[in-house]
K.L.:
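The structure that follows is given in the form of structure tokens.
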Amino acid sequence: MPIAFSLTIFISLAISTISNTMKFLPIALSLVGVLSPVDAFSTVARSPLVSFPHLGDLFKIVKEPCDKCSAVVIEADVEQDGVSMYIGIDTDSYGHTSRPGNGGIRLLNYDTADCAIADAVRLAKGMTRKHDMFRTGFSGAKVVIKSDHQDLSVIQRKELMNNLATALHAFEGGMYTGCDLNTSDRDMDYLVEATDEKYVLAGRNSRVDTNVATASSVIGSILGTVKTMRGSLDLSELTFTVQGCGKVGSSVAEQLIRLGAKTVQTCDLNAAAAKIDGCTPITDWANTPCDFLVPCANSLAITEDVAARFLDGIKYCVGATNSPFANDKARQIFDERGVMHIPESISSAGAILADSVEWSNLHLYQTVEPSKMYGWIRDISMNKAADLASHAEKAPQHVSSNLSNVIPERDGLPVGKDFETWIEDNSSKTETLIIGGGVAGTATAFSLAEQGIKSTLVEQGSTIAPASASSNGDSRM
């Protein structure tokens, strides 16, 4: 139901003086109205500086929105030496509780505070592109924590999460967060406790793994790209290089093997991480031939030099990395070489799609069989990637100009509300489930059918009763 509200907002009104300086006059406005429920949200964006009139009293504002960039960055207090916390929110799409900010917590040893602030801006803007691409119900945001310590293990994690909880409470439901680079489930446990189980979307009390969710959007985007570019979902003639074999990259590599990829090459700074069953570890991803580059490591790794020198034969670039290209020129070089790239707003959206379900229907999120969540994410990512490649007429240089053709309006129900319908549309009931389409399985299904009993037979191969099946002579029926 809509919620009635009454509040007073303090606005600083800028007035130009004769000397061309600016004076700020505080004005108080009393408002009475109705807040929209989470079921629908408006395109009307409100800056956090307006939504939270005392933001400047609680935090230090280190970057305000401007004509060139709509992101605001605030610095929150941290009660330990050598650690700073910045929260970036993209005010272009922000709508307080009707469209709260959403983005994970990134912890890194940044060179300077300016580098951390710039990363908060870049990542918050990138998160808006993801949220808008699928209309998740959120706006773009990011928590960036700068550590002066190269050894991140010296950081007092529980105290740090307590400090972040204080900031989240101040946003009053206008900011949600979860895991990202160098933050863990244990950190989320600390944060859930400190926030009284509020404002944290990280797969808590659920079997859904957000890393596998992200991997599912990568796989879906790969399949969608292949579907449009090659006219089928067959991966058996393609060689993949998975750059970065952490929780997401390793899941992508494993799924590519199961989907029948010709070769899956894996590369990671930690050589042991690249040793994945069925995969071929390599040491130099930028100088090893492949058809498909799958970036799943740190941002900005594809420099102009890498893009120009990458060996001939590369056709596609689709991965989980946020901002895989160091700059626009590097992306342009790949475009000119005919490398089809699906942007990470589609290919790396799995976790925020799961967030949309968690925010829209918590009970469903906590009780659903995880494979259904992954299947839904893979399905909608595949369709989105296929549509984009189609609108671009299979031409890499036309991808960016056609993004608007696959982005829904901001007004409407969050995509997470579609999940329950997708489950119903992609489920079937049967009296008997037969697993394995060999001689035994097919004979059983035939016998049951003769008796009028409905059965469903599941076979992972492309044909039933293959010559390699165990019941073809290796075992007795």
Side-chain angles (χ1 to χ4, degrees), residues 68 118 122-123 125-126 128-130 132-133 217-232 234-235 237-244 249 252 256 261-265 267 282 284-349 381-407:
K68 294 182 178 180
R122 178 180 65 82
L123 293 167
K125 295 293 290 182
T128 288
R129 289 191 289 273
K130 285 187 183 182
D132 279 353
M133 181 59 70
S217 62
V218 176
I219 292 295
S221 298
I222 288 172
L223 293 172
T225 303
V226 172
K227 179 181 179 181
T228 294
M229 301 297 290
R230 296 171 64 89
S232 77
D234 182 19
L235 307 183
E237 297 180 358
L238 296 172
T239 294
F240 294 80
T241 291
V242 178
Q243 179 232 355
V252 169
L256 287 171
K262 177 182 177 181
T263 305
V264 179
Q265 301 169 156
C267 185
I282 60 175
D284 189 352
W285 63 272
N287 286 290
T288 304
C290 68
D291 301 297
F292 232 116
L293 177 61
V294 187
C296 295
N298 285 348
S299 303
L300 314 179
I302 305 175
T303 62
E304 294 175 41
D305 184 61
V306 168
R309 293 177 179 273
F310 211 98
L311 298 180
D312 291 340
I314 182 171
K315 303 178 184 69
Y316 315 102
C317 180
V318 180
T321 300
N322 289 313
S323 302
F325 295 98
N327 51 42
D328 291 339
K329 180 61 177 176
R331 166 68 187 275
Q332 182 182 344
I333 292 171
F334 257 19
D335 287 350
E336 292 171 350
R337 294 187 61 185
V339 179
M340 174 57 74
H341 168 64
I342 298 299
E344 63 274 18
S345 56
I346 297 174
S347 63
S348 184
S381 300
M382 179 178 70
N383 292 337
K384 186 79 73 171
D387 287 348
L388 178 58
S390 179
H391 278 292
E393 298 180 336
K394 303 182 183 181
Q397 61 269 30
H398 295 159
V399 167
S400 295
S401 61
N402 279 279
L403 283 171
S404 60
N405 290 321
V406 297
I407 298 175

K.L.:
In chain order, what residues pass the side-chain hydrogen bond (donor to acceptor under 3.5 Å, both in side chains) check against Glu344, with sequence neighbours excluded?
P.N.:
none

K.L.:
Can you check whether Ser345 reaches Ile407 side chain to side chain, under 4.5 Å on heavy atoms?
P.N.:
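With C-beta onward as the side chain, the pair stays apart.
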
K.L.:
Could you report the tightest heavy-atom contact between Gly338 and Pro396, atom names first, then the distance?
P.N.:
C-CG, 3.6 Å

K.L.:
Not counting sequence neighbours, which residues clear side chain to side chain contact (heavy atoms under 4.5 Å, CB included) with Ala349? List them please.
P.N.:
Phe134, Ile352, Leu353

K.L.:
If we only count heavy atoms from C-beta on, is the Val399 to Pro343 side-chain gap below 4.5 Å?
P.N.:
yes

K.L.:
Hey, are the side chains of Leu293 and Val339 touching, using non-hydrogen atoms and a 4.5 Å cut-off?
P.N.:
no

K.L.:
State, with a plain yes or no, whether a side-chain heavy atom of Thr288 is found less than 4.5 Å away from one of Leu311.
P.N.:
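Answer no - side chains too far apart.
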
K.L.:
Does anything in residues 327-338 form a side-chain hydrogen bond (donor to acceptor under 3.5 Å, both in side chains)? List the pairs, not counting sequence neighbours.
P.N.:
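Sorted pair list: Glu304-Asn327, Asp312-Arg337, Arg331-Asp335, Gln332-Glu336.
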
K.L.:
For a quick test of reading the model, state the closest non-hydrogen atom pair linking Ala326 to Leu300 and the distance between them.
P.N.:
CB-O, 3.6 Å

K.L.:
Please name all residues satisfying salt bridge (charged side-chain N to carboxylate O under 4.0 Å, His left out) with Asp305, sequence neighbours left out, ordered by chain then number.
P.N.:
Arg309

K.L.:
I'd like to check the side-chain hydrogen bond (donor to acceptor under 3.5 Å, both in side chains) partners of Lys227; sequence neighbours left out, ordered by chain and number.
P.N.:
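Once residues adjacent in sequence are excluded, Lys227 has no partner under the side-chain hydrogen bond (donor to acceptor under 3.5 Å, both in side chains) criterion.
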
K.L.:
Sequence neighbours excluded, which residues qualify as side chain to side chain contact (heavy atoms under 4.5 Å, CB included) partners of Ala301?
P.N.:
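Ala301 satisfies side chain to side chain contact (heavy atoms under 4.5 Å, CB included) with Gln243, Trp285 only.
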
K.L.:
What residues, two or more places apart in sequence or in another chain, satisfy side chain to side chain contact (heavy atoms under 4.5 Å, CB included) together with Ala308?
P.N.:
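Residues passing side chain to side chain contact (heavy atoms under 4.5 Å, CB included) with Ala308: Ile333.
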
K.L.:
Less than 4.5 Å apart, any side-chain heavy atom of Met229 and any of Lys315?
P.N.:
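Not touching, per the 4.5 Å side-chain cut-off.
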
K.L.:
Got a sec, which residues hit side-chain hydrogen bond (donor to acceptor under 3.5 Å, both in side chains) with Ser323, two or more places apart in sequence or on another chain?
P.N.:
Arg122

K.L.:
What residue pairs, at least two apart or across chains, pass ring pair (Phe, Tyr, Trp, His ring centres under 6.0 Å) with a residue in residues 299-323?
P.N.:
Phe292-Tyr316

K.L.:
Stepwise, does the side-chain contact (heavy atoms from CB on, under 4.5 Å) test hold for Lys262 with Asp291?
P.N.:
CA-CA 10 Å; Lys262 177 182 177 181; Asp291 301 297; 5.9 Å; no

K.L.:
Val252 vs Phe240, test: side-chain contact (heavy atoms from CB on, under 4.5 Å). Steps then yes/no.
P.N.:
CA-CA 10 Å; Val252 169; Phe240 294 80; over 6 Å; no

K.L.:
Report yes or no: does Thr239 contribute a side-chain atom to a donor-acceptor pair with the main-chain N or O of Cys290 at less than 3.5 Å?
P.N.:
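Pair absent, no side-chain N/O of Thr239 close to backbone of Cys290.
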
K.L.:
Among all residues two or more places apart in sequence or in another chain, which pass the side chain to side chain contact (heavy atoms under 4.5 Å, CB included) test with Met382?
P.N.:
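Once residues adjacent in sequence are excluded, the partners of Met382 under the side chain to side chain contact (heavy atoms under 4.5 Å, CB included) criterion are Leu223, Leu233, Asp379.
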
K.L.:
So, Thr241 side chain and Gln265 main chain: donor-acceptor pair closer than 3.5 Å or not?
P.N.:
no

K.L.:
What heavy-atom pair brings Ser348 and Ala320 nearest, and what distance separates the two atoms?
P.N.:
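Looking at all heavy atoms of both residues, the shortest contact is OG-O, 2.7 Å.
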
K.L.:
Would you say Cys317 and Ile302 make side-chain contact, with heavy atoms under 4.5 Å?
P.N.:
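Heavy-atom side-chain distance check passes, below 4.5 Å.
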
K.L.:
Just wondering, do Val318 and Met340 contact through their side chains at under 4.5 Å, heavy atoms?
P.N.:
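Heavy-atom side-chain distance check fails, nothing below 4.5 Å.
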
K.L.:
Who passes ring pair (Phe, Tyr, Trp, His ring centres under 6.0 Å) against His391, sequence neighbours left out?
P.N.:
none

K.L.:
Please identify each residue that fulfils side-chain hydrogen bond (donor to acceptor under 3.5 Å, both in side chains) with Glu393, with sequence neighbours left out.
P.N.:
none

K.L.:
Please give me the minimum heavy-atom distance between Ala286 and Val306, naming the atom from each residue.
P.N.:
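Reported closest heavy-atom pair: CB-CG1, 4.1 Å.
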
K.L.:
Taking the side chain as every heavy atom from C-beta outward, state whether Ile342 and Lys384 have any atom pair closer than 4.5 Å.
P.N.:
no

